[in-house]
Amino acid sequence: MSRFFRSTSDTESDSDSSDNESMYSHFSEDYESDAEDQKVETEEKGKNRFLVGVSDSDDSDDESNKKRQAKSQKDKRYEEMEAAVKAIENGQKNNDWNLISSEFEKLTTTISRATTGFNAIAFPKFYIKTMVELDEHVTESIQKEKTSKKKGTGNSKAMNNVKQKLRKLAKQYDDQITAYKENPEEFLKEEVEEEVPELNKKEVSFADTTAEDDNEGFSSVEKGGKIVAAISNENLLTRLREVLESRGKKNTDRNEQITILEALYTKAASSFQKISVLLALIASRFDATIGKMTHMNIISWKAAANEFNALLSILERDKSFIVSEDADQIDNEDKDIIPKDGEVIKVPGSIVSFVERLDDEFNKSLQSLDPHATEYIDRLRDEATDYAMLVRAQAYCETYKMEYGLPRIISRRLDHVYYKPEQVISSLESSSKSLIPKYIKSNIIVATDAMDLVNELCAYLYKKADPLLRTRAMLCHIYHYALHRKFHTARDLLLMSHIQDSIHQADVATQILYNRAMVQIGICAFRDGLIKESHAALAEIQGSGRVKELLAQGVQVHRYGQVANPELEAIERQRQLPFHMHINLELLECIFLTSSMLLEIPAQAQAGPSNKKFISRPFRRLLDYNERQAFIGPPENTRDHIMSAAKALASGEWEKAKEYILAIKVWDLMTETDQIKDMLIRKIQEEGLRTYLFTYASYYSTIGLSQLASMFDLSVNTVSAIVGKMIFNEELSASLDQVSQCLVLHQVELSRLQVLSLQYADKVANLVDQNERLTSKELKI
């Protein structure tokens with residue numbers, strides 16, 4: 001039994017304890033002897049490892065105990081280079097130019113990284129040997145390809161790429177290649193350098209730097225540890241090429257690139273250098289805003305605008321260079337180009353894309369600013385600069401007949417002026433002309449008057465532009481005519497163009513412009529006193545309940561429980577128009593409801609209280625809601641004023657209706673306030689007369705025209721004309737007695753068949769209306 005149980009006797013416990021102790025001592029002796037043997041073996045093995053000529057058979061036999069070698073970064077780089085060289089040699093044997101191209105690119109990149117920075121290694125001379133051999137192989141392959149009939153498209157393309165790379169590198173390593181060709185063996189001999197302890201190197205460098213001047217012996221270093229070469233006229237284009245090659249790559253500091261390009265521009269001397277640097281600098285400023293913010297920084301935008309104007313100044317002054325989108329890449333081998341007399345050199349680039357991007361960034365910055373703050377007004381002052389760049393770019397495209405860019409620029413100019421009154425357009429034109437050199441003149445757009453300017457811009461786009469720009473020009477032209485109270489011209493232009501038939505197939509921006517043009521036509525018709533035409537133009541947009549969204553003046557507010565889509569909301573916010581282009585929505589609603597009142601109240605009085613027909617559904621809905629209210633206080637907003645006026649007009653109290661309508665303050669926002677108020681008073685009097693006759697005709701047999709004229713403060717001739725029109729349109733069963741100047745009313749009782757027919761027609765109309773509602777819900781219109 002175990003000695004730990006209390007119930008056992010002392011003798012048993014003693015014997016058990018002695019047995020256990022002997023057993024434990026035996027085990028401990030064996031364990032100590034094994035440990036000592038193992039220790040001796042490890043010491044011997046450790047000694048054998050560091051003895052010269054002594055082999056360790058156990059280590060060599062056991063593969064799992066192989067030593068792990070630690071390689072330095074230098075050795076790893078050399079191994080990568082050697083592997084690339086071997087792969088190139090294999091590609092030469094197999095005539096695989098795709099492999100050669102990729103491996104040579106890898107070898108060049110590895111060497112450029114290894115020979116720069118703090119841990120730079122000596123330039124590997126076998127790279128020069130590889131270049132010379134590869135160049136010879138390219139020459140042989142080209143000769144064979146000319147003689148052979150079979151030609152591989154992919155292989156030839158890769159061979160041409162290698163040839164172009166070798167040509168560029170040959171200029172960079174011209175001295176080394178010449179030395180190698182003179183004596184290859186002597187060139188490839190490695191120079192044996194004495195290894196100097198690190199401490200001694202530091203002491204020597206410290207002694208040298210303290211003995212010499214402070215600036216001597218040092219080089220400027222970039223953020224990543226690369227040594228920056230001093231910018232000179234000889235290596236300026238080389239530095240520019242390095243910046244362009246790193247553009248768009250991962251971990252590239254865009255702000256650092258802009259700083260380098262600015263330094264290059266200050267050192268640029270020739271026109272070609274300045275043009276090349278400015279093209280890269282403007283593009284880099286645009287790159288700096290990608291993924292960070294919704295719009296370009298104002299300071300960066302102004303800097304890009306100044307650089308764009310500087311680029312155009314150089315191109316306008318030096319006619320030897322043309323920046324064109326269809327230009328081929330210039331293989332100048334990083335050397336400056338000085339054109340000969342009469343020679344014209346095309347530089348690849350796009351003036352049109354630059355000015356379009358600057359214009360887009362200007363609009364985006366206006367979208368992001370608070371329109372009620374002073375920053376918005378300050379930013380809006382830069383519109384003259386933006387417009388001047390468009391005019392200048394247009395003149396440049398005219399000079400060199402760049403037909404692909406002119407419609408795009410002219411469309412941008414039109415977008416800046418179509419929604420403005422004549423005085424504002426004239427001010428913008430004069431401000432932009434002061435920012436443009438006097439020698440800049442356009443042969444296409446020569447108008448000085450605001451209306452003529454818009455006509456010329458639109459006329460050019462009608463002839464030269466593609467269908468999209470032509471449609472936008474048509475809508476801008478319609479909007480401009482409507483803004484300047486030319487309703488019939490705008491309406492005829494809209495009807496002749498048939499845009500309304502195909503606008504649903506257009507893009508969203510064009511549909512927004514169409515909605516703006518229709519709204520402006522409705523406002524123009526109201527200003528001219530054409531109530532029915534105004535209601536017809538505004539009914540579709542105002543009846544949708546999404547006026548802000550349709551006019552791009554706000555984002556739709558989601559109801560409770562609806563899941564918002566962030567991507568769609570972001571797209572909608574990008575479509576929003578700047579605040580100074582907005583149409584006043586309160587004024588728009590006021591015009592629509594007033595027009596609806598002047599049409600709906602007489603029609604309701606004519607049809608009777610039981611009739612469910614309506615002209616304006618939104619107005620009827622608001623009127624029904626107002627009538628259901630138990631207590632109605634004094635009107636507070638625009639809707640309340642119009643509803644109160646509608647009730648007064650329905651009861652024949654036209655003076656009270658006039659007071660309610662004229663009390664609306666939004667009329668003061670229109671330019672012809674007095675004329676519009678006089679027109680409203682006249683319309684209320686006329687519609688009040690019509691409503692009175694429809695409502696109380698059954699109570700009269702005859703009524704004098706002079707009495708009606710005194711009741712509604714109208715002339716007898718006006719009353720006679722209104723009554724005659726109602727009789728002619730069969731709206732009123734009466735006759736006009738010219739001798740006694742009286743209106744003779746006829747009491748007509750409908751037969752049973754006529755009553756049933758009218759009831760049947762009402763039911764059919766109600767059925768059609770319900771069917772349309774169900775269809776619209778299913779189609780989610």
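Residues take their numbers from the sequence shown, with the count starting at 1.
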One should read off an interatomic distance between Thr718 OG1 and Glu686 CD, to the nearest 0.5 angstrom, of 7.0 Å

Polar side chain donor-acceptor pair, Asp507 to Thr510, under 3.5 angstrom: yes

Looking at CD1 of Ile681 and CG of Asp713, how far apart are the two atoms once the value is rounded to the nearest 0.5 Å? 9.5 Å

Check: His641 main-chain N/O paired with Ser644 side-chain donor or acceptor under 3.5 Å: no

Hey, do the aromatic rings of Tyr692 and Phe712 have their centres closer than 6.0 Å? yes

Regarding Gln394 and Glu398, do their side chains bring together a donor and an acceptor under 3.5 Å, going by distance alone? yes

Please report the interatomic distance CG(Leu475) to CD1(Ile512), rounded to the nearest 0.5 Å. 12.0 Å

Using modelled atom types and a 3.5 Å cut-off, is there a donor and acceptor pairing between side-chain atoms of Glu600 and backbone atoms of Ser616? yes

Can you confirm whether Lys647 is buried at NZ, in the sense that more than 12 heavy atoms of other residues, nucleotides or ligands lie under 6.0 Å from that atom? yes

Hey, is NZ on Lys656 packed in by over 12 heavy atoms from elsewhere, all under 6.0 Å? no

Assess whether side chain to side chain contact (heavy atoms under 4.5 Å, CB included) is satisfied between Tyr419 and Arg516, documenting all intermediate values. CA-CA 10 Å; Tyr419 61 91; Arg516 285 169 56 81; 4.0 Å; yes

Yes or no on salt bridge (charged side-chain N to carboxylate O under 4.0 Å, His left out) for Arg357 and Asp360, after CA distance, side-chain angles and deciding distance? CA-CA 5 Å; Arg357 181 66 184 274; Asp360 289 336; over 6 Å; no

In sequence, state the C-alpha distance, the side-chain angles, and the governing distance for Leu745 and Leu732, and then conclude on side chain to side chain contact (heavy atoms under 4.5 Å, CB included). CA-CA 8 Å; Leu745 298 165; Leu732 188 64; 4.3 Å; yes

When you check the side-chain N and O atoms of Ser706 and Gln741, is any donor under 3.5 Å from an acceptor? no

With a 4.5 Å heavy-atom cut-off, do Lys486 and Met451 have their side chains touching? yes

Would you check if there is a donor-acceptor pair between the side chains of Ser368 and Ser365 at a distance under 3.5 Å? no

What I want to find out is whether Asp386 reaches Arg381 closely enough, with some N-O distance under 4.0 Å, to be called a salt bridge. no

For Thr638 and Glu589, does a side-chain donor sit closer than 3.5 Å to a side-chain acceptor? no

CG/Asn515 to CZ/Arg546 distance, rounded to the nearest 0.5 angstrom? 9.5 Å

Answer yes or no: does atom OH of Tyr625 have more than 12 heavy-atom neighbours from other residues, nucleotides or ligands under 6.0 Å? no

Is any side-chain heavy atom of Ile503 closer than 4.5 Å to a side-chain heavy atom of Gln511? yes

May I ask you to decide if Ser411's main-chain N or O and Tyr460's side chain share a donor-acceptor pair within less than 3.5 Å? no

Take Glu403 and Lys464 through the test salt bridge (charged side-chain N to carboxylate O under 4.0 Å, His left out) and record every step on the way to the result. CA-CA 8 Å; Glu403 297 295 335; Lys464 304 289 184 179; 5.1 Å; no

Is there a donor-acceptor pair under 3.5 Å between the side chain of Glu456 and the backbone N or O of Ala447? yes

Between the main-chain N or O of Leu493 and the side-chain N or O of Ser497, is there a donor-acceptor pair closer than 3.5 Å? yes

Would a distance-only check, ignoring hydrogens and angles, find a side-chain to backbone donor-acceptor pair under 3.5 Å from Ser426 to Glu422? yes

Between His477 and Tyr481, is the ring centre distance below 6.0 Å? yes

Can you check side chain to side chain contact (heavy atoms under 4.5 Å, CB included) on Val446 and Asp452, steps first, answer last? CA-CA 9 Å; Val446 296; Asp452 294 338; over 6 Å; no

Looking at Arg639, I'd like to know if its CZ atom is crowded, meaning that more than 12 non-hydrogen atoms belonging to other residues, nucleotides or ligands lie closer than 6.0 Å. no

In Å, rounded to the nearest 0.5 Å, how long is the span from CZ of Phe694 to CG of Leu689? 9.5 Å

Spatial distance of atom NE2 (His484) from atom OG1 (Thr671) [nearest 0.5 Å]: 10.0 Å

Side-chain donor/acceptor of Asp382 to backbone N/O of Thr385, under 3.5 Å: no

If only atom types and distance count, is the side chain of Gln553 paired as donor or acceptor with the main-chain N or O of Ile583 below 3.5 Å? yes

Can you say whether the rings of Phe526 and Trp667 are parallel (under 30°), tilted (30 to 60°) or perpendicular (over 60°)? parallel

Taking CD in Glu636 as the centre, count heavy atoms belonging to other residues, nucleotides or ligands within less than 6.0 Å. Is the count above 12? no

Checking Gln500 against Tyr514: is there a side-chain donor and acceptor pair closer than 3.5 Å? no

Should we count CG of Asp370 as having more than 12 external heavy atoms under 6.0 Å? yes

What is the ring orientation for Phe362 with His416, classed by angle as parallel under 30°, tilted 30 to 60°, or perpendicular over 60°? tilted

Spell out, as yes or no, whether a donor-acceptor pair under 3.5 Å connects the side chain of Arg527 to the backbone of Arg485. no

Report the C-alpha distance between Lys665 and Asp668 in whole Å, list the side-chain angles of each, state the deciding distance to 0.1 Å, and finish with yes or no for salt bridge (charged side-chain N to carboxylate O under 4.0 Å, His left out). CA-CA 6 Å; Lys665 296 180 180 180; Asp668 297 333; over 6 Å; no

Test item: Ile727 and Leu743 side chains (from C-beta on) under 4.5 Å apart, heavy atoms: yes

Within the distance-only criterion (no hydrogens, no angle test), does the side chain of Asn584 pair as donor or acceptor with the backbone N or O of Glu586 below 3.5 angstrom? yes

Evaluate the side-chain proximity of Leu551 to Leu588: yes if any heavy-atom separation is below 4.5 Å, no if none is. yes

Are Arg690 and Glu687 within salt-bridge range, i.e. N to O under 4.0 Å? yes

Take Glu731 and Lys725, measure what salt bridge (charged side-chain N to carboxylate O under 4.0 Å, His left out) needs, and give me the verdict at the end. CA-CA 9 Å; Glu731 296 175 345; Lys725 189 176 181 181; over 6 Å; no

